[in-house]
Amino acid sequence: MSEIRVRFAPSPTGYLHVGGLRTALYNYLFAKSKEGKFVLRIEDTDRNRYVDGAVKNLIDTLGWCGLDYDEGPGKEGRYGPYVQSERLPIYLNSVSELVKKKKAYYCFCTPERLKTLREEQQKNNLQTMYDKHCLSLSSGEIEHNLSSGIPHVVRLNVLPKKIIRVDDLIRGTVEFDSETVDDQVLLKSDGYPTYHLANVIDDHMMKISHVIRGEEWLSSTPKHVLLYEAFEWDKPSFAHLPLLLNPDKSKLSKRQGDVAVEDYRSKGYLKEALVNFVLLLGWNPGDEREFFLKDEMIKSFSLERVNKSGAVFNIEKLNWLNAEHLRHKSDEELLDLLKTDENRFPDEFLLKVIKVMKERVGFIHEIHEKGSYFFGDPSEYDPDTVKKRWKPDSRVNLEKLLFAFKLLDNPSKEDYEDALKRVAGETGSGPGNFIHPLRLALSGIGGGPGVYDIAAILGKDTTLRRIAKALEKLP
RNA sequence: GGCGCGUUCGUCUAGUGGCUUAGGACGCCGCCCUCUCAAGGCGGAGAUCACGGGUUCGAAUCCCGUACGCGCUACCA
């Protein structure tokens, strides 16, 4: 069996869409699971939509996600170049071959004529299709038009009354009547190929074995099939992936939330979580696993288990997965991620904070928000907690703790606990009457890690200072 | 309008003719654990399997039709 080669072929319109990430992921996993190659190809044949810096951004983002390609821009292999705008001569050659074979023809129709034609067809409730007007041009007329420099395109000549079969790995055999397939433009008047042409030529020349792409391409696959046949090339296998949807089930769009991978990245989502989440949108392992790391994904993935129907991008589950991946990471890994957020505390201290905070947050940056008291004295005391926990005896209890803690020498978490329990025992009231006021004094809020942990991490000086401060500020 | 694809709890999904009183996960609710908040454990609510016809002893699962949703219908990808 020949080598498995797949490609991810985005057009550089600015950013990596999460739907694109999923397409890239499935391609990547399919390749890796079959010991094949994952190719990145840039489809920049639309000069009007070109966005500067988009290619670099795409490559960076893909890299951040951990989807490294085997061949592509900056990683030239045997079948480059991998940017379509650098392959123009190839397309031109292929097109003239097609014209020679009469599989394609020149068309000199003006945009105005095409527009009128389309409007006419719409008015009469007909299919909007090109009427093959230029197919009947004599070779003399064509020569004349060409030499006079009249703008022209090249169109695919679709023969009528044919059934075109597309074998799709996910959807089975899909049939199209050639009468419903338009004479697609292959080469635009600016000399650039359309997607349909470039995609077929490149997939063939780059020896792509499986075309795995979004469902929006299924309808134009018959055109591609016709092209493979016109060139007399073997067809790759096709697999059309279901779409990603907005909560209202329309195609995932910018209007209803974030669609760019970099949006999620900047919001603090872990790449592992995003990738894991997107994996599950349209695929499942057949058992009940949901938490996946890359190696496990590669081992488990198969195209056979990809769904047919669209999936709503549901942020709640992504949040849960983010927390799962967060807890799965070691304290040291988390430290690296936390330190990028300009935190100037010593590693040893941060590690302690991470240890007690990591199962209480959904995002790394929440360590700063929910654990702000680790990085500075509380500026205020949460009114609800004060109301609930600051009882008539709290003041005197805190005073006793302050006195007892002062006597401790370089106290550990256990030392604080022993001291508190001893004082509570002597006072004859439950430890809770000491614990809650102490927590309020140290953190300013009602929740968080165990108080003894907080006190030990903060250290004796800070602990004493905050108790004294609370005694000063609370009634 | 034409062509194509799809339709199981709110969401992601399991299910490929009897094992299904349709299973799991997220979210939601409750209980347990507990100094609090989380995490974790346990439990609960939540799907007439879009609808209507068939086929069959038996259908979420096979067939036909309808509805709805989505995609394509560009010299965009």
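Within every chain, numbering begins at 1; the chains are lettered A, B, ... in the order of the sequence lines, protein sequences first and strands thereafter.
By the 30° and 60° cut-offs, the orientation of the rings of A:Tyr15 relative to A:His17 is parallel. Ring orientation note: the planes of A:Phe405 and A:Tyr416 are nearly perpendicular, at an angle over 60° on the 30°/60° scale.
For the pair A:Arg171 and A:Pro242, the tightest heavy-atom approach, listed with the atom from each and the gap, is NH2-N, 3.5 Å. The nearest pair of heavy atoms linking A:Pro449 to A:Tyr373 is CD-OH, 3.2 Å.
Side-chain proximity of A:Arg305 to B:rA39, B:rG15, B:rU36: nearest is B:rG15. For A:Asn125, counting side-chain heavy atoms from C-beta on, the closest listed nucleotide (B:rG6, B:rU36, B:rG1) is B:rG1. Candidate nucleotides B:rG2, B:rA38, B:rC35 were compared by shortest atom distance to the side chain of A:Ile435, and B:rC35 ranks first. Distances were taken from every side-chain heavy atom of A:Ala311 (C-beta onward) to each of B:rA38, B:rG1, B:rU13; the shortest belongs to B:rU13.
Distance OH (A:Tyr452) to P (B:rU34): 14 Å, rounded to an integer number of Å. Rounded to an integer number of Å, the gap from A:Phe176 CZ to B:rG2 P is 16 Å. Atom-to-atom, CG of A:Leu245 to C1' of B:rU7 comes out at 12 Å; the value is rounded to the nearest Å. For A:Asn319 and B:rC12, the CG to P distance is 16 Å, given to the nearest whole Å. Regarding A:Gln127, its CD atom lies at a distance of 7 Å from the P atom of B:rC3, rounded to whole Å. Between A:Lys413 atom NZ and B:rC35 atom P the separation is 12 Å, expressed in whole Å. Distance A:Glu366 CD to B:rA38 C1': 11 Å, rounded to the nearest Å. Taking atom CG on A:Asn124 and atom P on B:rG2, their separation rounds to 14 Å, with Å as the unit.
One finds a side-chain N or O of A:Asn307 lying less than 4.0 angstrom from the OP1 or OP2 phosphate oxygen of B:rU13. The phosphate of B:rU11 (OP1 or OP2) has a side-chain N or O of A:Lys249 nearer than 4.0 angstrom.
In this structure, A:Pro449 reaches the bases: a heavy-atom distance under 4.0 Å links it to at least one base atom across the strands shown. Nucleic acid contact class of A:Val174 (heavy atoms, under 4.0 Å, all strands): sugar-phosphate only. Here A:Arg439 lies in heavy-atom contact (under 4.0 Å) with a base. Within 4.0 Å (heavy atoms only), A:Phe277 reaches no atom of the nucleic acid at all. Nucleic acid contact for A:Gly450: base, since at least one base atom lies under 4.0 Å from a heavy atom of the residue. Backbone-only engagement by A:Glu324 is indicated by non-hydrogen atom pairs under 4.0 Å involving sugar-phosphate atoms exclusively. Counting any heavy atom pair closer than 4.0 Å across all strands shown, A:Glu175 reaches sugar-phosphate atoms only and no base atom.
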- Note on the structure: For nucleotides 71-77 of chain B, 5' to 3', base contacts (B), sugar-phosphate-only contacts (S) and non-contacts (-) with protein non-hydrogen atoms under 4.0 Å give BSSSBBB
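Spacing between B:rG69 and B:rA74 at atom P, rounded to whole Å, works out to 22 Å. A distance of about 29 Å separates the P atoms of B:rC28 and B:rC70, rounded to the whole Å.
A ring-centre distance under 6.0 Å is not found for A:Phe374 and A:His368. Side-chain rings of A:Tyr228 and A:His204 stay apart, their centers remaining 6.0 Å or farther from each other. You'll find the ring centres of A:Phe313 and A:Tyr264 inside the 6.0 Å limit. A ring-centre distance under 6.0 Å is not found for A:Phe238 and A:Trp217. Aromatic rings of A:Phe292 and A:Trp283 (six-membered ring for Trp) have centroids within the 6.0 Å cut-off, being under it.
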Quick one: which protein N/O atoms are closer than 3.5 Å to N/O atoms of nucleotides 25-29 of chain B? Pair and distance per line, please.
residue	atom	partner	partner atom	Å
B:rA25	O4'	A:Glu290	OE1	3.3
B:rA25	O2'	A:Glu290	OE1	2.1
B:rA25	O2'	A:Lys317	NZ	3.3
B:rA25	N3	A:Lys317	NZ	3.3
B:rC26	O2'	A:Glu316	O	3.4
B:rC26	O2'	A:Lys317	N	3.4

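Between the side chain of A:Arg360 and the base of B:rC37, a donor-acceptor pair under 3.5 Å is found.
The pair A:Glu366-A:Arg360 fails the salt-bridge criterion, with no side-chain N (NZ, NE, NH1 or NH2) lying under 4.0 Å from an Asp/Glu carboxylate O.
Contact check of residues 280-287 of chain A against RNA chain B (heavy atom, cut-off under 4.0 Å) returns A:Leu280, A:Leu281, A:Gly282, A:Asn284.
Both distances falling under 3.5 Å, in either a Watson-Crick or a G-U wobble arrangement, place B:rC70 opposite B:rG4.
Remark: A:Arg305 fails to qualify as a cation-pi partner of A:Phe301 under the 6.0 Å distance and 45° angle criteria applied to the six-membered ring. Figure legend: cation-pi geometry between A:Arg41 and A:Phe8 absent, as NZ or CZ is not positioned both under 6.0 Å from the six-membered ring centre and within 45° of its axis.
Side-chain N or O atoms of A:Asp248 include one that pairs as donor or acceptor with a backbone N or O of A:Ser250 at under 3.5 Å.
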